[in-house]
Amino acid sequence: MFISKLTDEKLVTKIEFMNKKYLNLVVVLGLSASVAGCALQDGYFKTKEKAEPLKPVPQGEVYEEEIPISSLSNYVSNYLAGVVSEIRQDLPSAALFYNHAQQYDQFNEELAQRSFSNNLAVGNMEAAKQQADALEAFGNDILMVQIFQANYAASQKQYQQALDIVNGLIEQSPKVLPFHLMKAYLSLELGTEFKDAIQALRDLPESPYMDGYRYYHIGRLFEGYDKLSLAQSAYEDAYTLDSTSIFNVMALGRIYELTFQPEKAEEVYKEFLRHNPESLLLQSTLERFKADKRPQRRELNTLNDLAEVSFGFGTIMVSQDLGVAARQLINMSTMLDKKYPYAQFYLGVLDEQEEDLKSAIQAYSKVTPEHSTYLAAQVRRAETLFSLGYQQEAMKTLEELNTRFAGGLTQIDRVLAEMYYDAKVFEKAVAIYDKLLNDELSQRREAVYLFARGASLERMGQYDAATSDLRRSIELEPNNPVALNYLGYMWIDQDKNVTEAFAYINRALLLRPHDGAIVDSLGWAYFKRGDYAKAVILLEKAAEMRPDDAVIVSHLGDVYEKLGRLDEAAAQWRRAIDMHNANKTDDLDISSIKQKLSRSSSIAE
């Protein structure tokens with residue numbers, strides 16, 4: 001069978017979130033977890049409701065006040081609903097339920113911790129502040145609470161208080177680089193000599209994983225103080241250690257432009273795009289560069305600098321599979337600087353990778369046109385809409401976006417062509433691939449576009465043109481199992497070039513032995529040859545590997561019919577029809593299958 005995947009895997013990195021551990025809940029008075037289910041369905045709980053402000057427990061005092069029996073059911077149901085919501089990774093609901101539970105038990109430290117964590121993770125900063133104050137009153141020294149309190153104090157321009165908290169953090173965790181960066185920016189705001197702040201960062205122990213991040217911030221400081229040659233040196237060190245970072249690329253390119261070295265800037269930008277051809281994050285920079293407009297030097301701004309540290313800290317948490325902590329830190333970056341450009345975009349990526357697609361759309365929609373992430377956010381939003389079934393809206397979004405650029409943007413064209421293909425608008429897909437193939441391309445990129453155009457032409461019934469493109473794609477990428485299988489299956493289905501088709505499919509299977517689609521292709525090739533004994537083995541295996549694939553199931557029915565297993569054949573055909581009716585994205589010939597079922601029934605009678 002055909003493999004529908006046309007192009008490279010998406011470049012947005014798959015983010016796997018941590019598996020959270022939850023405290024066991026001692027159920028009070030025999031109440032079961034079903035109470036939580038009731039609370040989740042209860043119309044009383046509205047997402048816009050707010051809990052009453054907490055009254056922190058003064059240190060040293062102990063409260064043993066019991067929850068009134070009349071309130072106990074509400075307390076437990078809200079608490080359990082919060083736990084269930086956390087398990088489901090529905091953090092907004094978890095925060096809401098814990099806030100409600102706290103109305104009945106304001107002196108429960110574990111509950112305050114849960115409430116703080118979830119409120120911060122969803123960006124309810126004032127609620128998080130209440131919980132943080134309450135936890136401090138408990139004498140709780142959770143690291144994230146202290147980080148939040150430092151950033152909150154800074155957001156209120158209480159810089160000395162923020163610095164005092166950061167110094168405590170460094171005393172607890174002296175090897176955590178973001179704490180030292182926070183100290184540097186806060187100290188400068190409070191009057192520390194520039195050279196002393198820089199030296200303190202330079203004196204930190206070397207770390208192969210964090211030195212690029214450290215040099216980047218040293219470069220920011222030099223640039224902020226208009227010491228461009230020193231900034232260039234620091235940014236070059238950061239770029240050498242990590243040339244994949246968009247921050248390092250933009251910073252080094254900017255400093256080259258500011259120091260009248262446009263050729264070097266252009267090379268840095270081109271190198272990034274060579275490795276990240278799908279990226280739109282550089283688009284506004286490239287437009288300015290092509291218009292020969294010099295960038296502005298980055299000015300010192302304490303809140304923006306701290307926002308950058310918090311965001312960077314959040315991305316470190318992502319790399320450590322600490323998804324909730326990442327959200328908390330990224331939300332702090334927007335608390336510090338509401339216009340910080342990367343936060344909403346990255347929160348959308350996190351939502352998308354966690355398959356919370358509606359939240360992802362909301363996050364991408366909050367990115368405004370003046371942000372450098374706007375184009376990337378619009379494309380991601382369109383792709384997410386498309387995956388949810390809003391195909392016309394998604395395609396219209398990209399079509400309108402593309403009209404803003406003369407000739408359109410290649411990155412948008414690629415996504416739009418894939419959408420046209422998936423929506424079966426093959427003529428438009430071919431038109432875009434025609435345009436893309438006129439550009440200067442790498443061998444791999446040319447092979448990808450030729451394959452995509454060939455697949456589109458095949459769907460339009462233009463088999464000779466499709467064969468030409470698919471052959472050329474295989475010449476450029478001879479070990480691409482998708483292209484090998486596609487052309488081999490097309491020939492087998494048309495009873496053409498059978499020997500060559502067998503060779504292509506067998507080679508594809510050697511390259512990807514556990515792919516059910518390719519196993520099906522080989523089984524179908526034996527079926528078309530009349531070797532039903534071999535065909536049934538392969539088609540049964542393919543059906544095991546891809547049990548929800550209607551085309552494979554229908555093929556299995558066909559081979560059962562040839563072997564005289566008519567009842568089994570009819571069962572497989574009915575399954576295929578049911579699958580098609582549930583998800584009409586396959587290429588099943590329903591009328592043909594119904595004819596087979598009718599014929600099978602007549603024979604049985």
Side-chain angles (χ1 to χ4, degrees), residues 1-10 418 421-422 444 447-459 463 466-563 569 572-573 575-576 579-580 583 585-589 593:
M1 68 172 291
F2 293 124
I3 301 175
S4 61
K5 182 73 170 173
L6 293 184
T7 55
D8 300 338
E9 285 74 9
K10 303 296 181 189
E418 287 188 39
Y421 181 92
D422 289 339
R444 174 164 174 70
V448 167
Y449 292 160
L450 283 166
F451 169 67
R453 187 174 68 179
S456 300
L457 289 165
E458 182 273 331
R459 296 306 171 96
Y463 300 115
T467 297
S468 176
D469 276 356
L470 293 169
R471 275 189 183 279
R472 177 60 182 151
S473 177
I474 291 169
E475 288 173 6
L476 293 170
E477 291 279 326
N479 291 323
N480 181 349
V482 178
L484 289 164
N485 178 71
Y486 200 105
L487 183 54
Y489 181 84
M490 186 183 83
W491 280 338
I492 289 293
D493 214 38
Q494 297 172 0
D495 294 318
K496 292 181 178 179
N497 304 327
V498 174
T499 301
E500 193 174 3
F502 261 93
Y504 277 8
I505 295 170
N506 273 301
R507 188 169 11 141
L509 194 59
L510 284 172
L511 293 165
R512 195 179 284 182
H514 303 296
D515 192 315
I518 301 175
V519 174
D520 171 77
S521 293
L522 188 57
W524 193 241
Y526 280 113
F527 176 90
K528 298 286 279 187
R529 182 185 278 182
D531 191 340
Y532 304 126
K534 288 183 179 178
V536 72
I537 294 171
L538 289 163
L539 292 173
E540 285 179 337
K541 182 179 178 182
E544 288 177 5
M545 298 170 81
R546 297 179 66 148
D548 298 324
D549 192 305
V551 174
I552 293 176
V553 169
S554 71
H555 284 172
L556 186 56
D558 291 346
V559 75
Y560 281 157
E561 181 191 32
K562 293 296 185 181
L563 293 171
Q572 297 302 324
W573 289 330
R575 278 187 64 216
M579 291 177 189
H580 173 81
N583 181 14
T585 58
D586 53 65
D587 298 303
L588 210 59
D589 186 346
I593 292 179

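Excluded from the calculations below are hydrogen atoms, water molecules and symmetry mates; all remaining heavy atoms, backbone and side chain alike, are included.
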Mind checking whether [X] and [Y] have side chains closer than 4.5 Å, heavy atoms only?
X: Met490; Y: Asp493; answer: no
X: Leu457; Y: Arg453; answer: yes
X: Leu487; Y: Leu484; answer: no
X: Val519; Y: Arg546; answer: no
X: Tyr560; Y: Leu539; answer: no

Minimum-distance pair of heavy atoms, taken over all atoms of [X] and [Y]:
X: Gly454; Y: Ala466; answer: O-CB, 3.3 Å
X: Trp491; Y: Ala501; answer: CB-CB, 3.9 Å
X: Ser473; Y: Phe451; answer: OG-CB, 3.5 Å
X: Met545; Y: Asp515; answer: CE-N, 3.7 Å
X: Ala576; Y: Val553; answer: N-CG1, 3.9 Å
X: Val482; Y: Asn480; answer: N-OD1, 3.0 Å

Tell me whether [X] contacts the main-chain N or O of [Y] through its side chain, where contact means a donor paired with an acceptor under 3.5 Å.
X: Asn485; Y: Pro481; result: no
X: Arg507; Y: Pro478; result: yes
X: Asn497; Y: Glu500; result: no
X: Arg575; Y: Gly557; result: no

**Message:** Does Leu450 form a side-chain contact (heavy atoms from CB on, under 4.5 Å) with Leu470? I'd like the steps, not just the answer.
**Reply:** CA-CA 6 Å; Leu450 283 166; Leu470 293 169; over 6 Å; no
Can you tell me how far apart [atom1] ([X]) and [atom2] ([Y]) are? Round to the nearest 0.5 Å.
X: Asp589; Y: Ile593; atom1: CG; atom2: CD1; answer: 7.0 Å
X: Trp573; Y: Leu556; atom1: CH2; atom2: CG; answer: 10.5 Å
X: Glu458; Y: Thr467; atom1: CD; atom2: OG1; answer: 9.0 Å

Please tabulate, for the side chains in residues 525-538, all donor-acceptor contacts under 3.5 angstrom to protein atoms that are two or more places apart in sequence or on a different chain.
from   : atom 1 : to     : atom 2 : distance (Å)
Asp531 : OD1    : Lys534 : N      : 3.4

**Item:** Pairing of Glu475 and Arg472 as salt bridge, 4.0 angstrom limit
**Value:**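 Yes.
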**Message:** Can you classify the ring geometry of Trp524 versus His555 as parallel (below 30°), tilted (30 to 60°) or perpendicular (above 60°)?
**Reply:**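 Geometry flag for His555 against Trp524: parallel rings.
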